[in-house]
Amino acid sequence: MRFEKELSGWENGSKHKPIWVNAPARINLIGEHTDYNYGFVLPAAIDKAAYFLIQLREDNLCQMEAKDIGDHLIFDFQDELKPSAKNWQNYFLGVMHYMKSSGKVKQGFNLVFESDIPIGAGMSSSAALACGFGMALNEAYQLDLSKQEIAEIAQLTEHHFVGVKCGIMDQYACMFGMEGHALKLDCRTLQYQYQKIILGDYQLVLIDSKVKHELTSTEYNKRREECERALSVLKKYDPALVTLRDVTQDHLTNFGKDLDPIAFKRCDYVIKENRRVNEACQALNANDLQLFGALMYQSHQGLAQDYEVSCEELNFLVDATRKSDHIIGARMMGGGFGGCTLNIVAESNSEEVVNSILSSYKKKMGTDAESYFIEIKEGCKILDNGALNS
Ligand code: GLA
C-alpha cells in the first residue's frame, strides 16, 4: 500500500478517514500557447502522476511531506499564507489559501506526496501538484467544489503564488482527462468534447531533451504580454475583438501593418494554431494520421519561427524524426525552451527508432535525452482503498 509507513506514523489523524489521490501529467497533442488567448487546445492525461495521501488532524497543524525530495512544509491553517522561496511549497500554499476562503476549513491535516512526473519536462508536473492537492482538500474538508472550481484554484495558484500567468489547459487536462481520449477544450467557454485517440499501428512517445532553460517563466509571461499588445492595436480597428482568438487572417491582412513585427508574428501563429486544432480533430475523426502528423510538424515550425519558444535541442529532436519513415509527426510540447517533444511513432520498431534518435542527440549535444512511451489515462481521481497498491 502506498504511503503505508507514513499513515501508521500519523497518530494525530487516526480518527479521520485517510484519502488517496492520483493526479496525472498531461500531454498536448496540438494547440500550444493558445489557451491564454482563449483558443482551442487538445491535451490528454497520461500514465505518469503525482500521488497524495491526506488525513485530517484534531489540531490546527498542516504538515506536508514531499517524499521525493525529503522536504517538509508545516503551518497553522489560520496563518496568513504567502509565497515561499521554495517553489514546490507554493502549489500547496496557494491552493490552501484559496480553499480556506470557503470558511469550511476548521482543522489541520497530515499529507504526504510523491510524483513520477519528470519536472521541467513540459508535462505539467505543477498542475498535477496543485490539482491533486486541491482534490485532496476538497474531499477531506467536504468542500463540494466542482472539478472546474478546483482547476481554477490551481490556475490562480500558478498566477499568484508561482508567478506564471498560465492558461487553463494543464489544469483541465489533469482534472477532466479520460482514458483513450484527448480533451478538445474551448478555452473561452471552457466547454469541451472528448476526442477519441485511435493511433492504430502507431504510439505516442515523448522524448525529453532534459534541457531546462531558465527563461521559461519570464519568456512565457512575455509572450502573453505580446499577444495582449497585438490585440489592443487590432481592437482600435475592430472593437468587437475580445481576445486574440477572435482575430482572423483578414484582420491581420487589413490592419496588421500597425503591429510591430514581433506582435504580428505572435498573432499570425495563434490564428494558425487555433485552426490546426480543429483540422487535427477532423483528421483524427477521418483516421488520417498522416495529416495529423503533418499538422504537428506545422505547429512545431510555428512555435520555433513565429512564436519563438523552441530551442536548438528541441529543433534537433524534431528534425531528427523527419528522416525516419517510422515517425509521422513530431513537435515540441508545452511552454517550450526545453522539455519534451511529442512523437507519433510506428509500433513495429519503435524502440529501435527512438534509440537511434537518442544516440544522435547524445552525439550532437553531448548530453542524454530520455524517452517515455506513454498511454492516455483517466484524470485526477480519489483512489479507493482497494486500489492502493499502485
Ligand atoms: C504551459 C502552460 C499552459 C499552456 C502551455 C503552452 O504548460 O501552463 O497553460 O499555455 O504552456 O501551450
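As the structure lists them, so they are numbered: ligands from 1, and atoms in each ligand from 1.
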May I have the list of side-chain donor-acceptor pairs in residues 119-134 shorter than 3.5 Å, sequence neighbours left out?
| residue | atom | partner | partner atom | Å |
| --- | --- | --- | --- | --- |
| Ser124 | OG | Asp170 | OD2 | 3.0 |
| Ser126 | OG | Glu158 | OE2 | 2.9 |

Original post:
So do the side chains of Ile344 and Ile327 get within less than 4.5 Å of each other, counting heavy atoms only?
Top reply: no
**OP:** Take the angle between the ring planes of His181 and Tyr194 and call it parallel below 30°, perpendicular above 60°, tilted in between.
**Re:** perpendicular
**OP:** Could you tell me which residues satisfy side chain to side chain contact (heavy atoms under 4.5 Å, CB included) with Ser115, sequence neighbours excluded, listed by chain and number?
**Re:** Ala50, Asp68, Ile117
Subject >> ILVMFWY clustering at 4.5 Å (side-chain atoms), partners of Leu61 >> reply: Ile74
**OP:** Please check if atom CD in Gln78 has more than 12 non-hydrogen atoms from other residues, nucleotides or ligands closer than 6.0 Å.
**Re:** yes
Subject >> Residues in contact with ligand 1, criterion: heavy atom under 4.0 Å >> reply: Arg26, Glu32, His33, Asp35, Tyr36, Cys166, Gly167, Met169, Asp170, Tyr220, Gly334, Gly335
